[in-house]
Each structure stands twice: as structure tokens, then as C-alpha cells.
Amino acid sequence: VQLQASGGGLVQPGGSLRLSCAASGRTFSSYAMGWFRQAPGKEREFVAAITRTGGYTYYADSVKGRFTISRDNAKNTVYLQMNSLKPEDTAVYYCAASLDLKLFSSGYQSPRRYDYWGQGTLVTVSS
């Protein structure tokens, strides 16, 4: 599968952005999907994940209540709605796809559990 992330940009603190990740290739609904981010000088960190059907979602504590992950399997797209953005949310955001059927049993926060990655989209939160 090929993943193409978009929707990043410059936003003021307290603002909102919606990231999209379009997939092509194998059946999109075969993949659990995740969003990760990487700030300069830091390791890539888990942001959110969603099951194949979209029935369950998982979030990092740092974004819980502010970010929402969703997917539209008919459009082969996963979204990340980001509200109440803070300067510490500034990072390159990556979408990722996993075929691991046991992903949500444990380790879904680890980048190593994901098989395919998009190119990343930069989100800058600054006044």
C-alpha cells in the first residue's frame, strides 16, 4: 500500500487542522491505521490509531480529548482532526498502516508494529 499524507500547515495556538492520509494499493480495510509524529531532535511518537472497521480508537495521553482519528474505508482515507493545538504539537506527522492482526493486543504505540508509512506532513503551531 502507498500512503499520502496531507493537510499540514501553520496554525496559531488554540487552532485546528485536519490531516488526511490517502491509501492506494491493497484493500484499505485490511489495515489498521495509525498516526505518529516526530519533532526536531526527538524520537517518533505515537499519536492515535484506529482499527480496521473504525470501531475502536486509541490515543496518546498528550492528545486525548483534543485529537480525533477516523477513517472512511470507501474513500481509502484516514483522518486526524486536531483541535486546541498547542506549540508542543509542532512536528512532522506520519500516517502508518499495519497488517498485524494482533496489533491492538499490545504494542500498537510502537512504530515497529507498522508495515507502511506515508511521507509526513509538517504541522507548526505558533503565533
Side-chain angles (χ1 to χ4, degrees):
V1 66
Q2 294 181 325
L3 304 175
Q4 181 74 36
S6 62
L10 174 64
V11 62
Q12 293 185 341
S16 298
L17 278 177
R18 189 176 82 155
L19 305 184
S20 299
C21 176
S24 61
R26 284 187 60 178
T27 305
F28 180 64
S29 59
S30 299
Y31 298 91
M33 298 297 297
W35 285 97
F36 288 77
R37 66 188 182 186
Q38 189 166 18
K42 296 188 177 182
E43 294 187 352
R44 192 168 297 191
E45 66 172 0
F46 170 77
V47 174
I50 189 166
T51 55
R52 289 162 180 77
T53 62
Y56 293 92
T57 56
Y58 303 83
Y59 297 95
D61 288 343
S62 59
V63 306
K64 201 171 294 183
R66 300 188 298 123
F67 291 11
T68 302
I69 187 172
S70 61
R71 67 189 296 163
D72 185 338
N73 286 347
K75 295 183 178 179
N76 287 2
T77 303
V78 63
Y79 305 97
L80 185 68
Q81 177 66 43
M82 305 186 295
N83 298 330
S84 302
L85 283 161
K86 304 175 181 179
E88 51 263 44
D89 294 317
T90 295
V92 176
Y93 283 71
Y94 298 90
C95 58
S98 175
L99 284 168
D100 188 341
L101 296 179
K102 297 183 178 180
L103 177 68
F104 294 105
S105 296
S106 66
Y108 61 86
Q109 304 97 325
S110 172
R112 294 188 297 272
R113 300 294 300 278
Y114 293 78
D115 304 294
Y116 301 96
W117 292 84
Q119 86 289 0
T121 185
L122 176 63
V123 172
T124 303
V125 184
S126 174
S127 55

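Computation of the quantities below employed the complete heavy-atom set of this structure, encompassing side-chain atoms and omitting hydrogens, waters and symmetry-equivalent molecules.
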If you compare all heavy atoms of Arg113 against all heavy atoms of Ser98, which two are closest, and at what distance to 0.1 Å? O-OG, 3.0 Å
Pair Tyr59, Phe67 - check ring pair (Phe, Tyr, Trp, His ring centres under 6.0 Å), show working. CA-CA 8 Å; Tyr59 297 95; Phe67 291 11; 8.3 Å; no
For the atom pair CG (Leu3) and CG (Asn76), what is the distance rounded to the nearest 0.5 Å? 10.5 Å
Taking Ser30's backbone N and O only, do any of them form a donor-acceptor pair with Arg52's side chain (distance below 3.5 Å, no angle check)? yes
Please check: side-chain N/O of Arg66 versus main-chain N/O of Ser84, any donor-acceptor pairing under 3.5 Å? yes
Tell me whether Asp89 is salt-bridged to Lys86, with the criterion being a basic N under 4.0 Å from an acidic carboxylate O. no
Tell me which one of Leu10, Leu17, Val11 satisfies side chain to side chain contact (heavy atoms under 4.5 Å, CB included) with Val125. Val11
Quick one: pull up OG in Ser6 and CZ in Arg18 and give me the separation to the nearest 0.5 Å. 9.0 Å
Same hydrophobic cluster for Phe28 and Ile69, using side-chain heavy-atom links shorter than 4.5 Å among ILVMFWY? yes
Are there over 12 heavy-atom neighbours, none belonging to Glu43, within less than 6.0 Å of that residue's CD? no
Would you check, one step at a time, whether the test side chain to side chain contact (heavy atoms under 4.5 Å, CB included) holds for Lys75 with Ser20? CA-CA 11 Å; Lys75 295 183 178 179; Ser20 299; over 6 Å; no
Non-hydrogen atoms of Val1 and Ala23 that approach each other most closely: CG2-CB, 3.8 Å
Let me check something: do Val78 and Val47 share a hydrophobic cluster, defined by ILVMFWY side-chain heavy atoms less than 4.5 Å apart, either directly or through other members? yes
In Å and rounded to the nearest 0.5 Å, what is the CG to CG distance from Leu99 to Asp115? 5.0 Å
Mutual orientation of the aromatic rings belonging to Phe46 and Tyr108 [parallel < 30°, tilted 30-60°, perpendicular > 60°]: perpendicular
Ring centers of Phe36, Tyr114 separated by less than 6.0 Å: yes
Grab the two heavy atoms, one from Val92 and one from Gly120, that are nearest each other, plus how far apart they are. CG1-CA, 3.8 Å
Nearest 0.5 Å, what's the OG1-CG distance between Thr51 and Leu103? 10.0 Å
Interatomic distance, Ile50 atom CD1 to Trp35 atom CH2 [nearest 0.5 angstrom]: 11.5 Å
Is it the case that the ring center of Tyr56 lies less than 6.0 angstrom away from the ring center of Phe104? no
Of all heavy-atom pairs linking Met82 and Leu19, the shortest is CE-CG, 3.8 Å
What one should report as the nearest heavy-atom pair of Arg44 and Pro111 is O-CG, 4.2 Å
CD/Gln119: more than 12 non-hydrogen atoms of other groups inside 6.0 Å: yes
Can you tell me how far apart OG1 (Thr90) and CZ (Arg37) are? Round to the nearest 0.5 Å. 9.0 Å
Looking only at heavy atoms, what is the nearest atom pair of Thr121 and Ala5, with distance? CG2-CB, 4.2 Å
